Structures are given as C-alpha cells and as structure tokens.
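Working notes, structure below.
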Amino acid sequence: MPVVHVVVLAGGVGGARFLSGLRAAVGANDRITAIVNTGDDLTLHGLRICPDLDTVMYTLGGGIDSERGWGRIGETWTVMAELAAYDAEPDWFSLGDRDLATHLIRTRMLDAGFSLSAVTAALCTRWQPGIILLPMSNQRVETHVVVDTGDGVRAIHFQEWWVRHRAELPAREFVQVGVSDAQPAAGVLEALTGADVLLLAPSNPVVSIDTILGVPGLRDAVHNCPAPVVGLSPIVGGAPVRGMADKCLPAVGVPTSAEGVARHYGARHDGGVLDGWLVHSDDTADVPGVRVNAVPLLMTDPAATAAMATAALTLAEECRRSA
Ligand code: FO1
C-alpha cells in the first residue's frame with residue numbers, strides 16, 4: 001500500500017477527536033496534515049491564545065482534558081484565582097495554570113518574530129501529536145459575531161459570544177476580522193496540492209471550516225486539489241453532535257441538517273468543494289454531484305471514531321475511482 005498523505009481541514013474539539021480517530025485508522029507510514037482554524041484565537045492578559053491549535057495538539061499529544069474537550073488534564077486554576085483577586089478582566093475565559101505555559105511560550109516566540117507556524121511546530125516538539133499541525137494562516141484572522149445585546153447591535157469576539165454569553169445572543173453575522181490581508185500559512189498550499197485525500201472534519205461549518213476556506217486562495221486550492229475531497233457531517237439528526245453549529249448556521253442561511261451543510265459546501269463540479277459526504281446512519285443528503293454514504297458518525301469512543309475515519313477514506317477511494 002503506497003504511503004498516503006491525508007490532509008484535513010479541522011476546527012477544535014470535534015476536529016481534534018476526529019483527527020485522533022484518523023491517526024488510528026491510517027497505516028504506520030501514512031502522513032496526516034491538519035490545517036487548523038485560527039479564527040477563534042484571541043489575546044487575553046497580554047497572551048496569544050489559539051484554542052483550536054491547542055485542542056488538537058493536546059488531544060493528539062495526550063494532554064487534553066477529554067471531559068471538557070479543551071485545556072489540560074489535571075489542570076489547576078491558581079493564577080485565575082489570583083487574577084480574580086485583582087478583579088482583573090476578563091474573568092469569563094478560564095486559563096489553567098498548565099495551559100498558561102503554552103500561551104507564555106507562544107507569546108514570547110511571536111514577540112520574538114517567529115511565525116505562528118514556527119511556534120506551533122516548536123510546541124509540537126514537546127507534544128509529539130504524530131501529525132503535522134498547520135495554522136490556516138500566520139496572519140491574525142479573528143472571528144467576531146454581530147449581535148444585538150439589547151442596547152444596540154455590535155460585534156463581539158467569537159469567544160465572548162461563545163464562552164461569556166454561551167451563544168445565547170442570536171448571531172446576525174460572522175465576520176472574520178483581518179481575513180482580507182491573510183495568506184495561507186507556510187506549507188498549507190503545498191499540503192493541498194500534495195494530498196492523496198482531503199477531508200473536511202466534522203467541525204463547525206461556519207466558524208471553523210468556512211473560516212479556513214475564507215483565507216484568500218484556500219477555497220480555490222481545495223476546489224482545484226487533485227485529491228478527492230470528502231466531508232463528514234457535523235450535524236446528526238437535526239442537531240450538532242457537539243458545540244453550537246445550530247447557533248451559527250441560521251446566520252448564514254443554512255438549514256441545520258446534513259444535507260443543508262453539504263449544499264452549503266457545494267459539489268465540486270458545481271463550483272463547491274465536495275466530491276463525497278458522510279452522513280450519520282439515520283440521515284440522508286441529496287446533493288447532485290456528491291457521492292453520499294451513511295455510517296455511524298457519533299465519536300463515542302476511539303474505535304467508533306477510527307471507523308468513521310476509515311469510512312471517509314473508503315468514500316474518498318470510491319470518489320477517486322468514479323472521477
Ligand atoms: N470554553 C469555555 O466554554 N469556557 C472557557 O473558559 C474556555 C477557556 C479556554 C481556554 C483555552 C482554550 O484553548 C479553550 C478554551 N475554551 C473555553 C474552549 C474554546 O472556547 C473552544 O475550544 C473553541 O474556541 C471553540 O471550538
């Protein structure tokens with residue numbers, strides 16, 4: 001079996017879980033490159049925080065708190081308590097003591113002029129995730145959410161919307177601040193042209209996958225990549241498996257369904273990006289030009305997740321053969 005290079009567009013928690021299953025599903029000599037969303041990134045207390053990159057790195061490196069889905073296992077919160085004693089704002093975004101070390105290293109390296117790609121590679125030297133982690137861009141792209149807070153319409157950072165307000169403020173629009181000046185990070189375009197298979201992880205279609213595809217040049221690179229492109233639905237039944245995709249999709253006029261998301265991504269022959277689409281066993285999706293398979297899509301345990309990943313690779317092979 002030739003060495004296979006699988007490239008995955010991924011966000012945070014769902015993407016990280018899927019990548020760990022994919023790593024278990026591929027052969028020992030196969031390579032995985034994750035192109036990770038950085039639109040959730042923010043600067044707090046003077047530190048640069050990259051939630052999706054860290055969630056993937058910790059999950060595949062064995063440091064994740066799998067209950068929470070983010071942050072470190074065995075975490076303590078002493079610094080947060082001390083910040084609270086100073087009434088330091090913001091207090092709604094919890095930074096654990098262990099997690100803070102990651103942000104201190106990242107901020108120090110960025111301030112010294114290293115790119116986010118270089119910082120990520122350096123952090124992964126410790127964590128050894130077993131895959132290549134690439135930020136979607138080395139330029140800052142931050143997702144902001146246009147909401148009506150009751151005293152007027154304004155844009156707040158995605159994390160404030162998601163963490164502080166628990167996505168309870170109806171999102172009117174998502175704006176990626178800085179995206180027009182962003183470029184794909186080093187290695188991203190090469191990964192897409194060199195991929196044998198390209199997968200869209202079951203991440204949030206709006207704030208993760210669309211944010212990645214929104215980096216100038218990235219959507220075209222996916223559309224034109226020689227590898228078959230297969231996505232996995234993040235919506236099971238009529239609801240997201242995890243997270244708040246159902247709070248995001250209405251803002252972009254997409255139904256909260258497996259078919260709705262697939263039509264949103266679009267069939268490649270129709271100018272979109274999909275050749276194949278995996279939906280959950282009980283779901284259906286009719287998207288002209290997209291080959292659809294139905295398999296269990298609940299990442300209940302590593303074996304189930306590996307089976308999903310295998311089904312995605314199988315579907316990619318079917319797409320390649322029928323191309
Ligand atoms: N999510 C929360 O719901 N509450 C938090 O206080 C919080 C802190 C946090 C710190 C570091 C980090 O990497 C992630 C953190 N998250 C928190 C999760 C984060 O909002 C999400 O992982 C993504 O941004 C959305 O996928």
Side-chain angles (χ1 to χ4, degrees), residues 9-20 34-61 63-81 83-84 88-107 116 119-120 123-124 127 129 133 135-136 140-145 156-169 171 174 176-177 200-212 234 240-249 299:
L9 304 191
V13 180
R17 288 229 166 103
F18 174 71
L19 283 163
S20 60
I35 297 170
V36 181
N37 170 49
T38 58
D40 293 3
D41 297 2
L42 73 167
T43 299
L44 285 187
H45 310 295
L47 299 176
R48 193 68 185 157
I49 298 156
C50 300
D52 285 0
L53 281 165
D54 290 350
T55 297
V56 173
M57 183 175 73
Y58 290 157
T59 299
L60 278 86
I64 196 78
D65 179 306
S66 50
E67 280 304 302
R68 274 197 309 267
W70 53 268
R72 290 286 306 280
I73 186 82
E75 188 58 280
T76 52
W77 309 93
T78 306
V79 173
M80 277 301 286
L83 287 169
E89 284 295 319
D91 59 359
W92 43 266
F93 196 80
S94 301
L95 294 169
D97 301 324
R98 295 171 188 267
D99 194 32
L100 276 167
T102 299
H103 312 315
L104 286 166
I105 298 286
R106 178 184 294 118
T107 303
L116 183 57
V119 172
T120 305
L123 294 170
C124 285
W127 289 102
L133 251 60
M136 67 186 197
R140 289 190 182 185
V141 178
E142 287 191 4
T143 299
H144 286 238
V145 191
I156 58 176
H157 191 285
F158 165 78
Q159 295 294 353
E160 183 170 359
W161 176 71
W162 170 230
V163 176
R164 186 179 198 184
H165 297 290
R166 303 310 307 164
E168 294 308 322
L169 298 173
F174 291 91
Q176 271 70 39
V177 176
L200 304 188
S203 297
N204 187 304
V206 180
V207 295
S208 292
I209 303 297
D210 273 0
T211 301
I212 297 169
V241 178
R242 212 194 141 95
M244 62 354 240
D246 53 333
K247 308 240 185 195
C248 303
L249 289 164
M299 298 186 277

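Source: prediction; values computed, not measured. By convention here, the first residue in the shown sequence is residue 1. No hydrogens, no waters, no symmetry mates; every other heavy atom, side chains included, goes into these values. All ligand and atom numbering here is 1-based and tracks the order in the structure.
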*asked:* For a 4.5 angstrom cut-off between non-hydrogen side-chain atoms, does Leu83 reach Asp91?
replied: no
*Looking only at heavy atoms, is any part of Phe93 under 4.0 Å from ligand 1, and if so is it the side chain, the backbone, or both, or is it neither?*
both
*Relative to the heavy atoms of Asp52, which atoms of ligand 1 are at a distance of less than 4.0 Å?*
23 (C), 26 (O)
*Looking at Glu89 and Arg164, does any basic side-chain N land under 4.0 Å from a carboxylate oxygen?*
no
_atom 17 (C) of ligand 1 - nearest protein heavy atom and its distance_ = Trp70 CE2, 3.3 Å
*Could a heavy atom of Arg166 be found less than 4.0 Å from some atom of ligand 1?*
yes
*Thinking salt bridges, do Asp97 and Arg72 make one under a 4.0 Å N-O criterion?*
no
*At a 4.0 Å threshold, what atoms of ligand 1 neighbour a non-hydrogen atom of Trp92?*
6 (O)
*Among all protein heavy atoms, pick out the one at the shortest distance from atom 19 (C) of ligand 1; state its residue, atom name and that distance to 0.1 Å.*
Gln159 OE1, 3.7 Å
*Does a salt bridge link Arg68 with Glu75, judged by any charged N lying under 4.0 Å from a carboxylate O?*
no
*For Glu67, does the CD atom sit with more than 12 other heavy atoms under 6.0 Å from it, leaving out its own atoms?*
no
*Does at least one non-hydrogen atom of Val207 fall below 4.0 angstrom from an atom of ligand 1?*
no
_I need the nearest protein heavy-atom contact for atom 12 (C) of ligand 1: residue, atom name and distance, please._
Pro51 CB, 4.0 Å
*Between the main-chain N or O of Gly11 and the side-chain N or O of Ser203, is there a donor-acceptor pair closer than 3.5 Å?*
yes
*Donor-acceptor side-chain pairing of Arg48 and Thr43 below 3.5 angstrom*: yes
*Of all the non-hydrogen atoms in the protein, which one sits nearest to atom 2 (C) of ligand 1, and at what distance?*
Val163 CG2, 3.7 Å
*Any N or O of Ser94 closer than 3.5 Å to N or O of ligand 1*: yes
_Geometric N/O contact Asp40 with ligand 1, under 3.5 angstrom_ = yes
*Should you measure from each heavy atom of Asp99, which atoms of ligand 1 turn up under 4.0 Å away?*
11 (C)
